[in-house]
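Note that ligands are numbered from 1 as they come in the structure, with each ligand's atoms numbered from 1 the same way. Note: hydrogens, waters and symmetry copies are ignored here, and every other heavy atom, side chains too, is used.
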Amino acid sequence: MAHTVTLIPGDGIGPELAEASRRVLDASGVAFDWEVVDAGEAVMARYGTPLPTHVLESITRNRVAIKGPITTPVGEGFRSVNVTLRQALGLYANLRPARSIKGLASRYEDVDLVICRENTEDLYAGIEHRVGRDAAESIKIITREASERIARFAFDYAVANGRRKVTAVHKANIMKLSDGLFLESCRTVAADYEGRIEFEDRIVDNMCMQLVQKPDLYDVLVLPNLYGDIVSDLAAGLVGGLGVAPGANIGTEAAVFEPVHGSAPKYAGLNKANPTAMILSGALMLRHLGHPDAAERVETAVRRVIAEGVATTYDLGGGAGTSQFADAIIDHLAAGSADAATTATPAATA
Ligand code: NAD
């Protein structure tokens, strides 16, 4: 039976990446019915909002969505659609794996980190105001409920995926109450996993330095919203940049899969941007939908195309366009199916 999935192409390079990703996912062996709905800067004039009600209704109904990046105006204009979506749908966990890809120039060869970022509160709660003309305040919200929930998500992820350690990242030496509560919540949850998953904590500035120098010391990281946003881009930089960094926003009622990068407006419509991050976000979606084998096939095909280095986009040193990159991945998927059929024949007749 086909999965009905909401597809939001997004702004800037989003539509090209969404089309490439849709074609790859359709070639993965899993059947999809795509419900395509638009959100972002492009629909402001038509609906008077960047996030029309029918978009939220589509995701709520289908429980799974994949989206391209959406532009957020800086300093003024509409509120981030991404932040609104995460809060409206209770997508409390932002999962961002950062894994080295062979053939991709980067400082290290064997980085394998998983970032679990709290997605609903902290400074991103959007509670801020001006204090007179020359000052402004943003309020940092940390609750025990949200902190324990993301910590449990990180530990459960570690157990389910055979990982060894969870590191909580904070600044509790300075923000003793807010980050102190986050750390205390992580420690409470860690006690339930004692003997199964190792636990430690790091102060966020020290963590950044250590990730740059010794990323192999770390495994699964759990962070409040702001540090999670920053550290996940750092982790993406360790494995080849934003063009290859996938992400997932997961809640109890819905999940939205999206690349870590933004809408890169200067490359919009040029068939130039790298579709890897959105395609790998699609692989995370395949796992979420219960198709780990198809996810593995897509990830392997992406890795092969990058390792060959022929049909890659400009940011990976190649000269191919977005759609040619996707074609090469689809060719690998088809060749993989043919290999599987050939090797399966003797067993089938035995
Ligand atoms: P960006 O990620 O869009 O682009 C930064 C640079 O990274 C680009 O100029 C380009 O050189 C490179 N890049 C990014 N994605 C790439 C890809 N797929 N292939 C090749 N190169 C790529 O970041 P920005 O310029 O800071 O943000 C642009 C807009 O995107 C802003 O409005 C921002 O708010 C928004 N944004 C949206 C999301 C989201 O929708 N989840 C995330 C981040 C930023």
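For ligand 1, the atoms lying closer than 4.0 Å to a non-hydrogen atom of N82 are 37 (C), 38 (C), 39 (C), 40 (O), 41 (N). For ligand 1, the atoms closer than 4.0 angstrom to any heavy atom of L242 are 2 (O). Less than 4.0 angstrom separates some heavy atom of P69 from each of these atoms of ligand 1: 39 (C), 40 (O). Close contacts of ligand 1 with I13, meaning ligand atoms under 4.0 Å from a residue heavy atom, involve 18 (N). Less than 4.0 angstrom separates some heavy atom of Y267 from each of these atoms of ligand 1: 10 (C), 11 (O). Atoms of ligand 1 lying under 4.0 Å from any heavy atom of K266, numbered from 1 in the order shown and given with element: 9 (O).
Aromatic ring orientation, H291 versus H3: perpendicular (interplanar angle above 60°, classes split at 30° and 60°).
Judged by the shortest distance from any of its heavy atoms, K67 lies inside the 4.0 Å radius around the atoms of ligand 1. A heavy-atom separation below 4.0 Å is found between V260 and ligand 1.
Checked by distance only, ligand 1 and A273 stay at 3.5 Å or farther apart across all their nitrogen or oxygen atoms. Looking at H261 next to ligand 1, an N or O pair under 3.5 Å apart turns up. Not a single N or O atom of P265, backbone or side chain, sits closer than 3.5 Å to an N or O atom of ligand 1. Taking distance alone, with nitrogen or oxygen atoms compared against 3.5 Å, I70 approaches ligand 1 more closely than that limit. In terms of polar-atom proximity, defined here as any N/O pair under 3.5 Å, E258 does make such a contact with ligand 1.
With G10, G262, A268 as candidates, the residue nearest to atom 27 (O) of ligand 1 on a non-hydrogen basis is G262.
For Q213, the side-chain hydrogen bond (donor to acceptor under 3.5 Å, both in side chains) test picks out no residue, with sequence neighbours left out. Residues meeting the side-chain hydrogen bond (donor to acceptor under 3.5 Å, both in side chains) test with N173, sequence neighbours left out: none.
To the nearest 0.5 Å, atom CD of residue Q210 and atom CD1 of residue I203 are 11.0 Å apart.
Clustering ILVMFWY residues whenever any of their side-chain heavy atoms sit less than 4.5 angstrom apart, transitively, puts F325 in the very cluster that holds L270.
Cation-pi contact between K272 and Y314: present, with separation from the ring centre below 6.0 Å and deviation from the ring axis of at most 45°. At least one test fails for R144 against the ring of F182: distance under 6.0 Å to the centre or angle within 45° of the axis. Because its NZ or CZ atom is both nearer than 6.0 Å to the ring centre of Y218 and within 45° of the ring axis, K165 counts as a cation-pi partner of that residue.
The proximity of T71 to ligand 1, defined as any non-hydrogen pair under 4.0 Å, involves the side chain as well as the backbone. In T72, the parts holding a heavy atom less than 4.0 Å from any atom of ligand 1 are both the side chain and the backbone.
Screening N249, N82, T6 for a side chain to side chain donor-acceptor pair (under 3.5 Å) with K67, the sole residue that qualifies is N82.
A donor-acceptor pair under 3.5 Å is formed between the side chain of D11 and the backbone N or O of E41.
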